[in-house]
**Q** 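One structure is given below, represented as structure tokens, and several questions about it will come after.
Quick caveat: nothing in here was measured; it's all calculated off a predicted structure. Letters A, B, ... are given to chains in the order of the sequence lines, protein chains preceding strands, and every chain is numbered from 1.
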Amino acid sequence: MKIIGLIITIMTGGFLVYAAGDFPAWSDPSSPASTYLSPYYIEKAIEETSVPNIVTAVLADYRGFDTMFEATVIFSAGLVCFILLRIMGRKEPETRHYRHVLTGVTVTIKEGRKIPASEEFERIDDLWTPPELIIKTACRVLIPFLQLFGLYVIAHGHYSPGGGFQGGVILGASIILLAISHDLRTATERMREKVVAILCPVGVAIYAGTGALCLLLGANFLDYGALASVLHVDPITARSHGILMVEIGVGIAVMTTMIWIYNNISSAGKYNQGL
Amino acid sequence: MAELIPTIIAKYNYWIYITLMMIGLYAMIAKNNLVKKILGMSIFQTAIILFYVSIGVKKGATIPILEGVHGHGAAHQAVHAADYVNPLPHVLMLTAIVVGVATLGVALALAIRVYNRYNTLEEDEILAQIRKK
Amino acid sequence: MSQQYPALLVIVPLLSAFAISIAGWMNKRLCFPIAVTALGVAAYSSIGLLFRVMDEGVIVYKLGGWAPPMGIAYYIDHLNAIVLVVVTIVAFLNVISAKKSIEQEFPEKAAPFYALYVLMVTGLLGIVVTGDAFNLYVLLEIAALTGYGLLAMGEERAPLSTLNYLYMGTIGACFYLLGVGYLYIVTGSLNMVDIARLLPPLYQSKAVLAAFIICMVGVWLKMAFFPLHAWLPNAYTHATSSASSLIAPLVTKVMVYVMIRLMLTIFTPEFVFATLALQNIVVWLAVIAIVMGAILALAERNLKKMLAFIIVAEVGYMVGGVWLGNRAGMTGAILHIVNDALMTLCVFLVVGNIVYKVKGYAFEDLQGLFRKMPFTMGAFVVGAMSIIGVPPTCGFFSKWYLILGGLQAGHYGFVAALIFSSLVSVVLFFRIFEICYYEPFSDHHGHDHPPQPMAEAPPLMVVPLLIVAVILILVGLYTGDIVNHIIKFAIPEGLV
Amino acid sequence: METITSIKPLLAVLVSLLVTPMLLSSRNQNVREGWTFVAAAIKLAIVASMVPAVLHGTEIVYTVAEVFPGVAIKFKVDAFGMLFALVSSSLWIVTTIYSIGYMRGLKEHSQTRYFCFFALALSATVGVAFSANLFTLYLFYEMLSFATYPLVAHHQDREARRSGRKYLLYIVGTSIGLVLPAMLISYNLAGTLDFASQGFLAGTGSKTLIGILLFMFIFGFAKAGIMPFHSWLPAAMVAPTPVSALLHAVAVVKVGVFCVVRIITGVFGTDLLLSFHFGTPIIYIASFTILVGSFIALSQDNLKRLLAFSTIAQLSYIVLGVALLSPKGMTGGMLHIAMHAFGKITLFFCAGAIFVATGKKNISEMIGIGRRMPVTLTAFFIASLSIIGMPPCGGFLSKWYLVLGTLEADQMLILFVLLTSSLLNAAYFMPFVYKAFFCTPKEAMFENKVQEAPLCCVVPLVITAFISIIMLFYPQPFFGLASLMVKNITGL
């Protein structure tokens, strides 16, 4: 198998090298790619969408349809992980492990009975986890700021590098940090699986919904200019607001999908304990 | 032969992405462990992302964000394309990165299902188990 | 409202997919009705679109209001109008018959199944409708991902075979992306018609040749064209019956459509058939695909795997037909996309019914089915006749055009392969009819046995199947109209 | 020769197709048989209603669907098609009566399925008869193959399975393998497939190509039982006798021969074949089949296999007659379709009646049966006279024209073949008939109590025996149609 792999790789590699002969040199400004479409975007983006960050303008407006299907790809990945791994009907595990907070003594309870929730005992995963007070407190402090920064990245996509995807991932990472530092149960208590599973399609539906709204207002799909009548603002800034709405939708979708995929993969669908 | 060396130097980004891509392709075909194949796949996708992004570079151009401009009033001065990088590949690659993440997630989910079923991730052991049945 | 059909076609299924996954958490009973209405609306608007295209010619729909090269545009001409109709009708009929088998196999995961199902149809519709090369890649990924999800839900070997499908599918999609990148480097545009306008002066350059070959390899990988078909048989065999009866008829056919779109719209026929010397090689590859597909199908002892190999052979028909380079071959290939989707749907629905009632699809489980499930087996006979190529059914007519194209192009190897595969499929299907016809106690004279009770599949599964069987014959009889009013305009004049 | 368009041909084809749901849903046997009768009667009525128009030289045309440029599913009722349709639909009524008696006599299983596929086979036969172009003919030819497969494999035992497989291998294999490509090549050459009085391939292809096409067609229509592709016919004798009677004596094999004649007259045209001298090779193949078929028939002990090989030989008479390309020869060939149909069906009915009454299949066990079943055996004697071509029966007329045809085409060798084969026919029929009636007392295996087969079996075979006698004296509908067709072709 290895030899076949080697032969195929060498053949394709050789072919690609042969084909690369005709390409323009690296970073040469007169290459066709830099002289055909992109000058239009660079010069016209600010006039037509009043969004200084041209990448966000192209991402959410000129090629907004692409990005909508992008969010759909993320959503379908989350759905596939859910449908493959999730085992519905959570069965209570046989044995539960508890640890006495002060002394660090671990207790194992069998036949599904459990210690009533109290300050003294904290429940731990099957794989014995050492008490790391430092990590827990540090993360508890860090996570709110992480989420704040995530919101900033989403909201500030117009003026600085960032946008729906990047902000969404940061928000998702904050919840996953919670799941890693504490354990999956606290994370799923904070963000219930049902909430995550509903917010994910809602996020992408916001994106497609704004597009459909423009459709209902008479323009073509995803033509934010039509939102001017709703937002009582001139068409150009209506585009900028349309882009913002879309970015928020994408942010929600990406955040919830990251959490959903992490929950399903780390607990292999059983949702009782993560990594 | 004389002008061959400069052209090779002028186009070094293409050689990088081709080698990266071939590493990914080799890993996907020849590696025996399923997760290594998945890693090969993501290397393969990243190589293509690198290729696309390298298209958009312009010598002496800055990132495509117009500073000091707010609102679309006519007051701002004319923007000329030469000093901003080509934004289109970056948009496309945002999409390709997200596709890469999605495919990686699904592949890992499948790998877990395979592991639950066959208790191994080595392809030859799995095939042996199937042939035995 | 009618000029919004192109948008409705894709957006309604998309929004309903989100509605279904939300309804899945609220109350499950809503999921199936939403899915059916969404696909019904899509089918209705695709038929409306077909009629609009027939009288107005090409329809351009600018997404986001931007003119094509800047923004993304839909191009709906005769070629993708008919493929749209086929995709929506196949999906609509299949979702109705999938309800019962999903309730039997995955009662608690019905909602996500329907959501993935509708998302997949959205992806396929998007691929067929879009006029932008990169957008096609994104939709390709949606169809692929949801396909992996649907296929991996099957029995215990499904995840492994889907993982292999994922590897091959991702390599294919990435090759297509690379091809589009090469085109973008040398032309600077992503819109199909725009690239076609910019390409002619570059026909001699190595980059365009490489772009074409890479795109082709990527598309061939996704459509399981013979040397790259290893993933298809296992992936379709171990999947659940309702998933495989959606994916088997559509994915490979839509990928053939993508190949035709690439060859006719982006790299115009002058480039593909004149400048390139590939034509003969590819037709011989198609001949190998047909012959190997038929032979490998002969070696199978289980029904679904046999059908999977027949799909590989059918892909060989279409690719061979397209690459013959003459009008008859191209007409045959396009007609075969329509016919093959319907035939494969009919045959896989039959397998779905059999698996629903008999819980097995190996040859041993099929004993005495003509008496037990007469309607299903009746439809199976019609489907089999269509695959073999017997006149009233549609399979014959596309095979007629393909053979005619082969004769006019003087490619007798292709004609011989088509005849050989028809004969092999006679053996394949009559081997099954024999098993189903002769009851298990056939060793002595069939006299002294009580005739078994008729155990037909539920009506919700049998009615769509019978509708498909009738459509197979109607499409056959109306081939003349389909070709004269639709396919004739789909092929550019450049092709003699 | 003006043409009128009317839906009658389509109705004739659809009648037996639309009766199948009625058969499937009928509650008991009598209702089901009633429906079959009604369908048979209607079909004969429609076909007969078109006879006067056709005799006046008008052709009835009806187009169902324009499928390809220059090719449509189209019906055209001309003299030759009418002759064959008349024969098959009239014999369907007779066979329905016979199969009621036979099936109930042996208490066969799944009779509804039997009657449905029978009706399907008949609609396909009439479809072939009325087809206006090669494509419609191929469509119904395939439909007939697939409709008769379950009939051949009716007994659903190991032997039926093997002979069913063999039946399919020969029939469908040659039709997809040879006829389909040949049809497409000729469409590619001529751009149309409609049968014309002088054929549509005249002057389109080179001599070798036309030759190849001719032999692909001739050997493609394996139902005609021409020598290399004939062994499915004896194997198909495993089916119940009414099936072998109608299908293998009349419908299936006659369709094969009908198609071969259509190819020779409608596709290639007699002038083209004469100019290329392709007539003689076909004649040699046909005469080879006749002689070898008759010799094998001599050695057969099983009565039905004997009849099967005699059918193979008799079919090649028809092919021979038409291949002579002389007017008299063609008339004789076409006439032989009708004569042989009535004669051979009587013989199969008698074989079936003997099997129902005594359960005997082999000739060696039937010594002295004449005493026990006089009526059946006299009918057998009359029919065998018709097959041999002796005066009191219609067979003589067609053989007479065949001999005249050979003289016209001055093929002396073929004259010799015809005579020897008639002698051979006598050689394998007469000993059986003699032993059945004039056996010595000690050999007689049946005591002399007269015990015939059930009435439903005996009446049809008496009718058909009687018809084959009348055919000599009043052959009018068939003879008129045959000579009209020859007049259209050769323009004499």
**Q** Should we count NZ of B:Lys59 as having more than 12 external heavy atoms under 6.0 Å?
**A** no

**Q** Using non-hydrogen atoms and a 4.5 Å limit, figure out which bit of C:Asn164 sits close to chain B: side chain, backbone, both or neither.
**A** side chain

**Q** Answer with side chain, backbone, both or neither: which region of B:Ile29 has an atom nearer than 4.5 Å to a non-hydrogen atom of chain C?
**A** neither

**Q** Can you say whether B:Ile126 sits under 4.5 Å from chain C via the side chain, the backbone, both, or neither, judging by heavy atoms?
**A**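 For B:Ile126, the contact with chain C is made by the side chain alone.
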
**Q** Surrounding NZ of B:Lys58 (heavy atoms of other residues, nucleotides or ligands, distance under 6.0 Å), is the total greater than 12?
**A** yes

**Q** Using a 3.5 Å distance criterion without hydrogens, assess whether the side chain of B:Tyr52 forms a donor-acceptor pair with backbone atoms of C:Leu177.
**A**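 Looks like yes, one N/O pair under 3.5 Å.
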
**Q** Mind checking whether B:Phe51 and C:Tyr182 have parallel, tilted or perpendicular rings, split at 30° and 60°?
**A**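 Judged by the thresholds at 30° and 60°, the geometry between B:Phe51 and C:Tyr182 is tilted.
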
**Q** Examine whether an atom of C:Ile142 lies under 4.5 Å from a heavy atom of chain B, and if so say whether it belongs to the side chain, the backbone or both; otherwise answer neither.
**A**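 No part of C:Ile142 comes within 4.5 Å of chain B.
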
**Q** If you apply the rule side-chain contact (heavy atoms from CB on, under 4.5 Å), what do you find for C:Thr170 with B:Phe44, and how did you get there?
**A** CA-CA 9 Å; C:Thr170 315; B:Phe44 189 77; 5.8 Å; no

**Q** Are more than 12 heavy atoms, taken from residues, nucleotides or ligands other than B:Tyr115, located less than 6.0 Å from that residue's OH atom?
**A** no

**Q** Quick one, B:Tyr17 with C:Leu178, criterion side-chain contact (heavy atoms from CB on, under 4.5 Å). Give me CA distance, side-chain angles, the key distance, then yes/no.
**A** CA-CA 11 Å; B:Tyr17 106 81; C:Leu178 194 66; 3.7 Å; yes

**Q** Under a 4.5 Å cutoff for heavy-atom pairs, which residue among B:Ile112, B:Leu25, B:Leu88 has the most contacts with chain C?
**A** B:Leu88

**Q** Could you pull out the closest heavy-atom pair between B:Ile55 and C:Gly181, with the gap in Å?
**A**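 What the structure gives for the nearest pair is CD1-O, 4.3 Å.
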
**Q** Which distance, rounded to the nearest 0.5 Å, do you find between the CG of C:Leu160 and the CG of B:Leu127?
**A** 7.0 Å

**Q** Does the pair B:Val99 and C:Tyr137 meet the rule for a side-chain contact (heavy atoms from CB on, under 4.5 Å), with working shown?
**A** CA-CA 10 Å; B:Val99 164; C:Tyr137 165 74; 3.5 Å; yes

**Q** Given heavy-atom pairs under 4.5 angstrom as the criterion, report whether the side chain, backbone, both or neither of C:Glu156 touches chain B.
**A**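 Both backbone and side chain.
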
**Q** Could you tell me which of B:Gly100, B:Ala102, B:Ala107 has the largest number of non-hydrogen atom pairs under 4.5 Å with chain C?
**A** B:Ala107

**Q** In terms of heavy-atom contacts, does CD of C:Gln204 have more than 12 from other residues, nucleotides or ligands at under 6.0 Å?
**A** no

**Q** Check whether any side-chain N or O of C:Tyr167 sits under 3.5 Å from a backbone N or O of B:Met28 as a donor-acceptor pair, and report yes or no.
**A**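 No.
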
**Q** If you apply the rule side-chain contact (heavy atoms from CB on, under 4.5 Å), what do you find for B:Val91 with C:Phe134, and how did you get there?
**A** CA-CA 11 Å; B:Val91 175; C:Phe134 186 80; over 6 Å; no

**Q** Counting only non-hydrogen atoms closer than 4.5 Å, does B:Asn86 touch chain C with its backbone (N, CA, C, O), its side chain (CB onward), both, or neither?
**A**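 Only the side chain of B:Asn86 comes within 4.5 Å of chain C.
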
**Q** Is it the backbone or the side chain of B:Tyr14 that comes under 4.5 Å from a heavy atom of chain C, or both, or neither?
**A**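 Only the side chain of B:Tyr14 comes within 4.5 Å of chain C.
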
**Q** Does any backbone or side-chain atom of B:Leu92 lie under 4.5 Å from a heavy atom of chain C? Answer side chain, backbone, both or neither.
**A** both

**Q** If you look at every heavy atom in B:Thr103 and C:Leu145, which pair is closest and at what distance?
**A** CA-CD2, 4.2 Å

**Q** Distance check, rounded to the nearest 0.5 Å: C:Ile171 atom CD1 versus B:Met21 atom CE?
**A** 9.5 Å

**Q** Do C:Arg157 and B:Ile130 make a side-chain contact, defined as non-hydrogen atoms from C-beta onward lying under 4.5 Å apart?
**A**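 Heavy-atom side-chain distance check passes, below 4.5 Å.
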
**Q** Quick one: CG on C:Leu163 to CG on B:Leu121, what's the gap to the nearest 0.5 Å?
**A**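 CG of B:Leu121 is found 9.0 Å from CG of C:Leu163.
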
